[in-house]
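A short write-up of the structure that comes next.
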Amino acid sequence: QVQLVESGGGLVQPGGSLRLSCAASGFTFSLHRMNWYRQAPGKQREFIAQITISGSTNYADSVKGRFTISRDNAKSTMYLQMNSLKPEDTAVYYCYAPILDYWGQGTQVTVSS
């Protein structure tokens, strides 16, 4: 069955970096565009970044220039490199396969001093 498992979240100080991973299984990862979303407490889930089959990317304005989405099809894994983190980046981060309409369970990122 389809599985998306996020990892790499944690507590980091403002200005720090984290790399999130999303390990996919149960489908042909290389044939799917993939997204990252996040949801902060009391807020709606918001789109952060997308990577297409060909590797093209696009980002929400709030993370552009700080976050980088990438994929390794050989490992069926997607990544989100997050730099220059801010307290407002605190949220649960989710990976999403839009064509399958399938979400991972999420990983918590907390940016605080």
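Hydrogens, waters and symmetry mates play no part in the numbers below; they use all other heavy atoms, side chains included.
- Under the 4.5 Å side-chain criterion, counting only non-hydrogen atoms from C-beta, Pro87 is in contact with Pro14.
- Among residue pairs with one or both ends in residues 34-43, those qualifying as salt bridge (charged side-chain N to carboxylate O under 4.0 Å, His left out) are Arg38-Glu46, Arg38-Asp89; sequence neighbours excluded.
- Residues Thr90 and Ser112 are not in side-chain contact: their nearest non-hydrogen atoms beyond the backbone lie 4.5 Å or more apart.
- With side-chain heavy atoms closer than 4.5 Å counting as contact, directly or through intermediates, the hydrophobic cluster containing Leu100 also holds Val2, Leu4, Val12, Leu18, Leu20, Phe27, Phe29, Met34, Trp36, Ile48, Ile51, Tyr59, Val63, Phe67, Ile69, Met78, Leu80, Met82, Leu85, Tyr93, Tyr102, Val109, Val111.
- Sorted pairs that involve residues 99-113 and meet salt bridge (charged side-chain N to carboxylate O under 4.0 Å, His left out), not counting sequence neighbours, are lacking altogether.
- Counting only distance, with no hydrogens or angles, the side chain of Glu6 and the backbone of Gln105 share a donor-acceptor pair below 3.5 Å.
- No donor-acceptor contact under 3.5 angstrom links the side chains of Asn35 and Arg33, judged on distance only.
- Partners of Lys64 according to the salt bridge (charged side-chain N to carboxylate O under 4.0 Å, His left out) rule, which considers only residues two or more places apart in sequence or in another chain, are Asp61.
- Counting only residues at least two apart or on different chains, the disulfide bond (SG atoms under 2.5 Å apart) pairs with a member in residues 5-104 are Cys22-Cys95.
- To the nearest 0.5 angstrom, Gln1 atom CD is 7.0 Å from Ser25 atom OG.
- Distance CD/Gln108 to CD/Gln39: 11.0 Å, rounded to 0.5 Å.
- Within 6.0 Å of the CD atom in Gln44, the count of heavy atoms belonging to other residues, nucleotides or ligands does not exceed 12.
- Within the model, atoms CG of Asp72 and OH of Tyr79 stand 5.0 Å from one another, a figure rounded to the nearest 0.5 Å.
- Contacts classified as side chain to side chain donor-acceptor pair (under 3.5 Å) and involving residues 10-19 (residues at least two apart or in different chains) are given here: Ser17-Asn83.
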